[in-house]
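Lettering of chains follows the sequences in order, A, B, ..., and the numbering in each one begins at 1.
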Amino acid sequence: MTERTQQRYEPQAVEAKWQAYWEAEQTFRTGDDTAAGAAKPKAYILDMFPYPSGAGLHVGHPEGYTATDIVARFRRAQGYCVLHPMGWDAFGLPAEQHAIRTGTHPRATTAANIANFRRQLKALGFSYDWSREIDTTSPDYVRFTQWIFLKLFERGLAYQQEVPVNWCAELGTVLANEEVKDGLSEVGGYPVTRVPLRQWVLRITAYADRLLDDLSLNEWPASTKQMQEAWIGRSRGCEIRFAVDAQAQGAGKEPLVLEVFTTRPDTLFGVTYIALAPEHPHLTALTAPGQAGAVAAYVEAARHRSDLDRKAAKTKSGVPLGTFARHPLSGEQVPLWVADYVLGDYGSGAVMGVPAHDERDFDFATTCGLPIKHVVVREDPGGAAGASASTSPQAAVCEPGWLVDSGAFSGLTSDAGGEAIAAALEAKSAGQVTVQYKLRDWVFARQRYWGEPIPILFPVETAGDPRTGADYRIDYSQPIALSASELPLTLPELEDFRPGSDPAGALARALDWRFVQRDGRWFARETNTMPQWAGSCWYYLRFIDPRNPECIADPAKLKAWLPVDLYVGGAEHAVLHLLYARFWHKVLFDEGVVPTPEPFGKLVHQGMILGEVEYGVYRDAQGQPVSRADVDLRAEPPARIADGAAVTLEKLDAAEATKNKRGDFVLANDDGVVLEARAYKMSKSRGNVVSPDEIIEAFGADSMRLYEMFMGPLEATKPWNTQNIQGVRRLVDRAYQIALNADRTLRIEDCPEREALTQALHRTIRKVTEDIEALRFNTAISALMVLTQTLQDLAAVPQAAAETLALLMHPFAPHLGEEMWACLGYPPSIQSVPWPTFDPALCESDTIEVPVQINGKVRGRLTLSRGLAEAEVLAQAQSLESVAPHLEGKSLVKTVWVPDKILTLVVR
RNA sequence: GCCGGGGUGGCGAAAUGGCAAACGCAGGUGACUUAAAAUCACCCGAGGUAACCCCUCCUGCGGGUUCGAGUCCCGCCCUCGGCACCA
C-alpha cells in the first residue's frame, strides 16, 4: 500500500466555491446563436416551475429538479445545446390570503418567497440558466399573458357567461366546491347559495377532438393520457327530440320540444319517463300549474346543494311536472319529471329514463314508482319479431343484446337496432347521431386581486363621473378589447385586499383604476382576474426568449427549441395544467405563433417522497395497547371492535417494533399487539416535513442529490430516511479520495489489473450512459458505487481511471465532479469536457461463468470461453463433479443451451 | 363502483422469461485508536445440520403456460393514487 492522503471532503466549502464559480463564469448560460444554428442538436429540458410558497422548498421539489439537472449536464457533455431554465408561478391565493390577514402587499410576500426559493435552488447546484429566470407576476410577463387572452377573444374562444358559483355573502367570497359542506361554508359555517355570476369562459371544448387525438403525438405515461381522455370524455350517441304535449303549455306559445342525449338509442322503446335537471331552462314552462309549488320547492332545495353534495347523495329523488311528452317513434305518452341526478351542464340537461337498462334510471324508477319496460334481452330471441321480454329482474340489464318489444326494430342486435332507430329518427327530423363531451368550457375568471387583470373594457352609461359617486350602468354585453399597445394592464395599488360584499371582487373598489374616460365617454375595466393556471399555460415559450420586448418569443427561436424534449413534474398536474397548456399551445399554433401542434414531447412524473416511516400503537383510555387487528379504523375516532371504546394512536420508537412471522409489525415485548407502521405524506400538521436546508447543512448538496436519486425509481412513491444518506455520503468521500490520490503518471496499460480495470471502466460508462438516457438514476449510482469500490481496491489508481470516475459522477454530484477535476490537475469546468465513450467489445471478458441447471436447480458452474457449441458444453457439464451424481441412473430427456448464458438439463 | 400503479430480506431496493436479493442502510465481528467517532476488512433471507460442507424452502394468495416464472396468462387478497350519477 502506498501512503494515501486522508483528507476528508468538506461539502460546505467546496460547494460554495463552485457555485460562486458557475455564477461568475455563467457556465450554464444557453447560447442563443447555437440554438438557432443547426450545428449542435438541441435539448429543451424543463421542470414544472414552482409556486413560491412561504414554506420554502420541500424535498419533493429537488427530486424532479435533480433528475432534469442530471440529464441537462449529461446532454451538455454529449455536445447538445441545452435549454434548462427556471422561473416562478407567482400569482396565487396564499399570497393574497396573507395580504388579507396582515396587510402585506402580495408583491412583497411573493418577492421574499422567490428570493428564498432561488437561494435554495442555487444551494443545490442546479445548472439553470438563471439569466432566463421569469416570474409570471412581472409586468413584462403579464403583458403577453394578456396578449394571448386577446387572441383568444379575437377568435371567439373567450366569452362571457352567467355561471352558477357558490357565493357566501357572509365571507364575501366565492367558494370552491370542496369548501362547501351541506350548504354551509366549511370555514365559519355560513350559508352558501348557488348564484349565477358573470364570468369569462374559454371555449376549450372547441378543441376537444384535437386535444384527444393529438395525445398520440406525445411520449407520455399511459396513465396520464388515459386521465386526459377520461376528462375530455368523448362519447358517441344520439340526440332525440320529444315533442311536449300541447296542454302542458299556455295558449299561444310555440310548441316546446325536449331534447335528450343517449348513448343507447337501441333502448328508446324502453323509455318510461323523461327527467330534467333542476337547472333546465324550460323547467317552469313545462310544469303543470298544479305541480308548480312542488317543483319550485324541489329546485330551490337543489340550489342550496353544491355539485359535490348532489353527487354524494345515495338515493335518487324527483318530482313529477304533471305534463307529458310524445315518444317520437311509438307516439306513446311519457311523463316528465325533475330530478337532481340529471346534470344541468352535460348533454341537454335532460335524459330519457330507461329503467330496465340503466342503473341510475332503475334506481330512480324504483324509488319513484315508475314502470320498468324491458326492450333488450341477453339471448337472441331467434329473430322473431314480437318476442317478449322476460319479467322484471332485480336490476337493470346494461349490456347490449337483442331488441324486443321495440316495434319494427325487434329482433335486431343492440348495435344494428341503435343505428336503425337513429336513422328512423333522422328521417322524421326527431333526432340525429351526435358526439358529447364531458369536458366543459373553462371558467377563466376569479373574483380576486392577485392575478392577471383581464384586458377588457365595457361601455358605461353615466351622468357624471363614476369615480366620484355618480350613478352608472355598465353594459357587459359590449366587451371591448384593449389594443396590444395598451398592454400590460397592471394591477392598481390597494391596501385592502378583501373581496368585499360585491361578487365582482376587490378590483371593483379601485374606482380610479376601474373607470377610464375616452373621447369623452366612460368605460369600466373588467374587475375579475385570471386564474393561476394562466401564467403556467405558456411559460415554457417565454423561456425560449425571455426578454423579447416585441413578442412572446422570436419565431426562429421557437422553431429551434420546440417542442420541450423532457418535461418533469408531479402527477397532480396530469389533467388540468397539462390540458390547459396544450389548449393554449394549439390556439397559438392556429395563430401561427408556435410551429408545433403539441408543446411537450416526453413527460415524466416524479413520484411522491413520503415522510419517514412511523410506528404507532393503539391504546385505549386506560393506556392498554390494542392490536391494530382489533381496531375499527373506519370509526371516527378509531375504536376497539369488541366494545366500541375509542383508541388513540401513539408514536413509537422504531426500536420498540419488530416483525413477526406473519409479516406484521408487533411490539417487541408483546407480539400479540400489531402495530401501525407506514410512511405518511409530508405535511406541516404531521410534523414530518424534511427541509432541503437541513439536509444540505448536514450532508452537502451532492449527497442530497445523490440520495434522492438513489432512493428508488424516479416515478415511484418512496419514504424518506435521513439515515440512508450515509451510503451516498460515503460514496462522495471515496470518490474524492480516489481523485486526490490518483497516480498522475500511471497509465491503465501499465496496471497489473489492466484487463479487469478496462472492462470495469467501459461497463460502467455503458451502464451510466444508458441509465441516464432511461432516467434510471438509482441503478446508475449503484454502478458508480461498484466502480468506486473497484478503484479503491487498486494499489494505485491510474489518472485516466480517476478521470472517468469524475466525468461519470459530475451530472449527479456536480460540485464533487468539479473538485475531482481540479484535483486531477485540470482547469474548470468539467462541464466542458466531452462525455466518455465505451467500446462494447471491451465491456465483455473472454471467459464466462455459466451455471448448469438440472431440473431447474443450479448444480454446478462452468468456466468457458465464449461461443462454444452445445455438445462441447454438455460434455464438460456431465463431467463436473457436482453435476455427475445428479445424472446417475437417470436418462437425459432434454438439453437447453442458451449460448454463453445457461445450460439446463432435464432428466428423469 | 370504475381506471391506473404497486406488493421481493429488518429497511430502501436490483433483476432483456435464464444463478432471486446487485447497490445501499441498519446490525454483527475484526483492524486502527488510550477511548470514541470516522475509516478499512469480513459476515449478514428463513429452516435443517449447526464447525464446515451440504440439503430444503423463499418474490401477497391459488391455479396455469414453459426445460425454466419475481417477470407471461387466469382467478383472488391487500395497498397507494385518480375518477366517480357524464345518460
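A sub-4.0 Å separation between OP1 or OP2 of B:G18 and a side-chain N or O of A:Arg861 is absent. Taking side-chain N and O atoms only, A:Asn855 has no distance below 4.0 Å to OP1 or OP2 of B:C67. Contact annotation: A:Ser235 side-chain N/O to B:A87 OP1/OP2 distance is under 4.0 Å. Dashed line: the shortest gap from a side-chain N or O of A:Gln789 to OP1 or OP2 of B:A41 is under 4.0 Å. Note on A:Gln792: a side-chain N or O is less than 4.0 Å away from OP1 or OP2 of B:C40.
The side chain of A:Arg730 sits closest to B:U39 out of B:U39, B:A87, B:C19. Comparing B:C40, B:C67, B:A87 by their closest approach to the side chain of A:Val351 singles out B:A87. Nearest nucleotide to the side chain of A:Val342, out of B:A87, B:A13, B:G18: B:A87. When each of B:G24, B:C19, B:C40 is scored by its nearest atom to the side-chain atoms of A:Asn724, the top-ranked nucleotide is B:G24. Nearest nucleotide to the A:Pro713 side chain, out of B:U56, B:G18, B:A14: B:A14. In this structure, the nucleotide among B:G24, B:G18, B:C19 sitting nearest to the side chain of A:Pro851 is B:C19. When distances are taken from the side chain of A:Gln226 to each of B:G4, B:U56, B:G18, the shortest belongs to B:G4. Of the candidates B:C80, B:A41, B:G18, B:G18 carries the atom nearest the A:Ile902 side chain, counting heavy atoms from C-beta on.
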Give the intermediate values and the outcome of side-chain hydrogen bond (donor to acceptor under 3.5 Å, both in side chains) for residues A:Ser348 and A:Glu259. CA-CA 6 Å; A:Ser348 55; A:Glu259 198 169 81; 5.2 Å; no
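Contacts of A:Arg859 with the nucleic acid, taken as non-hydrogen atoms under 4.0 Å apart, involve only primed sugar atoms and P, OP1 or OP2. A:Glu359 comes within 4.0 angstrom of no nucleic acid atom, judged by non-hydrogen atoms across all strands. Counting non-hydrogen atoms under 4.0 angstrom, A:Arg729 reaches nothing in the nucleic acid. Residue A:Val858 is classed as a sugar-phosphate contact, given heavy-atom separations below 4.0 Å to backbone atoms only.
Judged purely by distance below 3.5 Å, without hydrogens or angles, the side chains of A:Tyr736 and A:Asp702 never pair a donor atom with an acceptor atom.
With rounding to whole Å, A:Ile854 atom CD1 is found 13 Å from B:C67 atom C1'. Rounded to whole Å, atom P of B:C40 lies 10 Å from atom CG of A:Asp793.
Remark: RNA chain B takes part in the stems B:1-7 with B:77-83, B:10-12 with B:23-25, B:27-31 with B:39-43, B:45-48 with B:54-57, B:60-64 with B:72-76, each of 3 or more antiparallel Watson-Crick or G-U pairs, criterion distances under 3.5 Å.
You'll find the ring centres of A:Tyr273 and A:Phe364 inside the 6.0 Å limit.
Within residues 766-776 of chain A, no residue approaches RNA chain B, by heavy-atom distance under 4.0 Å.
For B:G63, the base adopts the anti conformation, since its glycosidic angle falls more than 90 degrees from zero.
Interface remark: the A:Thr904 side chain does form a donor-acceptor pair with the B:G18 base, using a distance-only criterion of under 3.5 Å.
In this structure, A:Glu359 places its CD atom where only 12 or fewer heavy-atom neighbours from other residues, nucleotides or ligands lie under 6.0 Å away.
For B:C43 and B:C52, the C1' atoms lie 15 Å apart once the distance is rounded to whole Å.
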